[in-house]
Amino acid sequence: MKRQLFTLSIVLLGIMAAECCMAQGRTIIRRGRGYWHQEWTIDRKTGDSIATIHMMPIYKFNRGIDRRRYYRLIRTVKKVYPLAQIARNEMANMEDELRSLPTKKEQHAFVKSIEKRIVKQYTPLIKRMTLYEGKILCKLIDRETEFTAYQIIKDFRGGFVAGFWQGLARIFGNNLKLEYERDGEDKMLEQIVLYYEAGLL
């Protein structure tokens, strides 16, 4: 009897949710385990609720080396993604502050002070990074800010400084102009980031 009451209550809640969606005439998007998102839409002719679930790809590795590369990418994301989020927040705060400064001289002094603080705070951490981790960090900065690391340096410090750092990065086998290709070569990286954001890693 208790099981029947429980099942009935679940069904009633589902009907109420569908009616609520129908009354509002909108799409509800929910994120969940193992998929990007789930959409519920209402068929205007029949009034039925239709679920569309966008699944994430499930990777199967036949070779041990591919599996090790995948887990290496997971470890790297856990290490560098928080830095990309910090970069996004720092950039947003800098832009807000720069808008409030009236003269170019004050803006230049502010950018220099921020640069000194960032160099002092994050140089020890970045020095311990591998080239691979630096490459993933550049991609994730582009994902979070929608600007490559090169563009950010160029906007805040000028083309000469950006060119200097790009040249230095190229000497050590990296590239500050790396772009994030969510639907291309970085599809697996995107999946791992989404899992990380959802707290599944």
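Worth saying up front: this structure is predicted, and the values here are computed from it rather than measured. The figures here come from the full heavy-atom set of this structure, side chains too, leaving out hydrogens, waters and symmetry mates.
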Under a 4.5 Å cut-off applied to non-hydrogen side-chain atoms, are [X] and [Y] in contact?
X	Y	answer
Leu189	Tyr180	yes
Gln166	Asn175	yes
Arg63	Arg69	yes

Nearest-0.5 Å distance that lies between atom [atom1] in [X] and atom [atom2] in [Y]:
X	Y	atom1	atom2	value
Gln151	Lys177	CD	NZ	9.5 Å
Glu95	Ser100	CD	OG	12.5 Å
Leu137	Ile141	CG	CD1	4.0 Å

Determine whether more than 12 heavy atoms belonging to other residues, nucleotides or ligands lie under 6.0 Å from atom [atom1] of [X].
X	atom1	value
Asp183	CG	no
Phe147	CZ	no
Glu146	CD	no
Lys135	NZ	no

Do [X] and [Y] belong to the same hydrophobic cluster, where Ile, Leu, Val, Met, Phe, Trp and Tyr are linked whenever their side-chain heavy atoms lie under 4.5 Å apart, directly or via other members?
X	Y	value
Leu125	Val77	yes
Ile171	Ile153	yes
Ile152	Trp165	no
Leu176	Met91	no

Do [X] side-chain atoms and [Y] backbone N/O form a donor-acceptor pair below 3.5 Å?
X	Y	value
Tyr195	Ile74	no
Gln107	Leu101	yes
Glu144	Gln85	no

Ignoring hydrogens, what is the shortest heavy-atom contact between [X] and [Y]? Give both atom names and the distance.
X	Y	result
Leu83	Met129	CD1-CE, 3.1 Å
Gly163	Tyr150	N-CE1, 3.9 Å
Thr148	Leu178	CG2-O, 3.5 Å
Asp186	Glu179	OD2-O, 3.8 Å
Thr76	Tyr132	OG1-CE2, 3.4 Å
Asn174	Gly134	ND2-C, 3.4 Å

(message) One pair to check against side-chain contact (heavy atoms from CB on, under 4.5 Å): Tyr71 and Arg67. What are the steps and the verdict?
(response) CA-CA 6 Å; Tyr71 287 114; Arg67 193 178 307 107; 3.4 Å; yes

Note to self: Run the salt bridge (charged side-chain N to carboxylate O under 4.0 Å, His left out) test on Lys139 and Asp142 for me, step by step, so that the C-alpha distance in whole Å, both residues' side-chain angles and the decisive distance to 0.1 Å come before the verdict.
What the structure shows: CA-CA 5 Å; Lys139 283 181 174 282; Asp142 184 41; over 6 Å; no

_Tell me whether the rings of Phe61 and Tyr70 are parallel (<30°), tilted (30 to 60°) or perpendicular (>60°)._
tilted

Check Arg143 with Glu197, please: is the shortest side-chain N to carboxylate O separation under 4.0 Å? yes

